[in-house]
Amino acid sequence: MTPIRIGVIGGSGLYDMDALENKHWTRVDTPWGAPSDDILTGTLAGVAMVFLPRHGRGHVHDPATVPYRANIDALKRLGVTDVISVSACGSFRDTMAPGDFVIVDQFIDRTVARDTSFFGTGCVAHVSLAHPACARLGAACHAAALDAGITVHDGGTYLAMEGPQFSTMAESKMYREQWGADVIGMTNMPEAKLAREAELCYASVAMVTDYDSWHPDHGAVEITDILRLMQSNADKARALLTRLPALLGAARAPCPHGCDRALDHALMTAPDKRDPAVLARLDAVAGRVLG
Ligand SMILES: CSC[C@H]1O[C@H](OP(=O)(O)O)[C@H](O)[C@@H]1O
Ligand SMILES: Nc1ncnc2[nH]cnc12
């Protein structure tokens, strides 16, 4: 068993975590630049927890310019073992209504202009992403949501779009009817990919704010609809998060799905061909396998 440290990435509407005890905002520097903001460190019910507002306090970063690599590196550097991503999303299903939560288990990545990997020339790696979300952590989030009285859906496919504009109606219908996506947002990719590369368990809690633009009874998604739902969704997210420490405990066994060992066989570049400057940047995310 190893000590757990829960990392929460708060999306639109969730910029702080009042419930943390002994908390203070900490600046973390990374080889990938500065994270979205300082990181709030503290404890909750005796369990170590940190909180990072994805867009920064005051919502400074747009979905494309969120420094995803710095964020994940910083969480890893702080000893985080389990990342819970909390995000606003649109819904492609009548049954997934505004106010509902979805524990995402699959992603379709339609982002186009983001740094999607810590690795590259000088140290090439290929991690498996068939199961991009951690089922153990997702189950805990599901149980916490149920306990908090939230209407929650166990599993769903999240389509990550580039944004910042919302989808056209034709795109919305295609994602829903042809591609089988359940929800849509702009931020969970490359975040989930990077968490896997950093050997972090990652679960995504998607909070439905709207029906995107496919629904004949709801018309086009507007930011005003989203803002209307965001506050109550954020309150529910806080209720979910405060229940997690009791469910996860202060220590954890190795991940049964191997998230914490994702790099075991992933490195392709021969040791004598690896670029020392590239390796230096990987000290936190790949330190376990690079020694
Ligand atoms: C505020 S509406 C669009 C915006 O909200 C979501 O952000 P996050 O995933 O960080 O909650 C969505 O992905 C867009 O970035
Ligand atoms: N319909 C939508 N599309 C993309 N991102 C969203 N975030 C919240 N609602 C969204």
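Whatever order the structure lists ligands and atoms in, that order sets their numbers, starting from 1. Model, not experiment: these values are computed from the prediction. Values reported hereafter were calculated over all heavy atoms of this structure, with side chains retained and with hydrogens, waters and symmetry mates removed.
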Problem set entry | H131 atom NE2, over 12 foreign heavy atoms within 6.0 Å | no
Seminar exercise, completed: Looking only at protein heavy atoms, what sits closest to atom 14 (C) of ligand 1 is M186 SD, 3.7 Å
Problem set entry | Hphob cluster co-occupancy, I103 + L241, side-chain heavy atoms under 4.5 angstrom | yes
For this session: Would you check, one step at a time, whether the test side-chain hydrogen bond (donor to acceptor under 3.5 Å, both in side chains) holds for D94 with H215?
Result: CA-CA 8 Å; D94 268 314; H215 203 299; 2.6 Å; yes
Problem set entry | Side-chain (R27) to main-chain (A34) donor-acceptor, under 3.5 angstrom | no
Exercise. Taking distance alone, with no angle check, do P63 and ligand 1 share an N/O pair under 3.5 Å?
Worked result: no
Exercise. When you measure from the side chain of D37 to the backbone N and O of R57, does any donor-acceptor pair fall under 3.5 Å?
Worked result: yes
For this session: Could you give me the CA-CA distance, side-chain angles and deciding distance for T30 and R69, then say whether side-chain hydrogen bond (donor to acceptor under 3.5 Å, both in side chains) is met?
Result: CA-CA 9 Å; T30 86; R69 291 192 297 188; over 6 Å; no
Problem set entry | Check: Y175 ring centre within less than 6.0 Å of W214 ring centre | no
Exercise. So is R54 polar-close to ligand 1, meaning N/O to N/O under 3.5 Å?
Worked result: yes
Are any protein N/O atoms closer than 3.5 Å to the N/O atoms of ligand 2? If there are, list each pair with names and the distance to one decimal place.
from: ligand 2; atom 1: 1 (N); to: D210; atom 2: OD2; distance (Å): 2.8
from: ligand 2; atom 1: 1 (N); to: D212; atom 2: OD1; distance (Å): 2.8
from: ligand 2; atom 1: 9 (N); to: G90; atom 2: N; distance (Å): 3.3
from: ligand 2; atom 1: 9 (N); to: T209; atom 2: OG1; distance (Å): 3.4
from: ligand 2; atom 1: 9 (N); to: D210; atom 2: OD1; distance (Å): 2.6

Exercise. In terms of residue, atom name and distance, what is the protein heavy atom nearest to atom 9 (O) of ligand 1?
Worked result: T187 OG1, 2.5 Å
Problem set entry | Parallel, tilted or perpendicular: rings of Y158 and F107 (30°, 60°) | perpendicular
For this session: Determine, using heavy atoms of I223 and all atoms of ligand 1, whether some pair is separated by less than 4.0 Å.
Result: yes
Exercise. Side chain, backbone, both or neither: which part of I226 has a heavy atom under 4.0 Å from ligand 1?
Worked result: side chain
Exercise. Among S87, S12, P164, which residue places a heavy atom closest to atom 1 (C) of ligand 1?
Worked result: S12
Exercise. Relative to the ring of H218, is the ring of Y211 parallel (under 30°), tilted (30 to 60°) or perpendicular (over 60°)?
Worked result: tilted
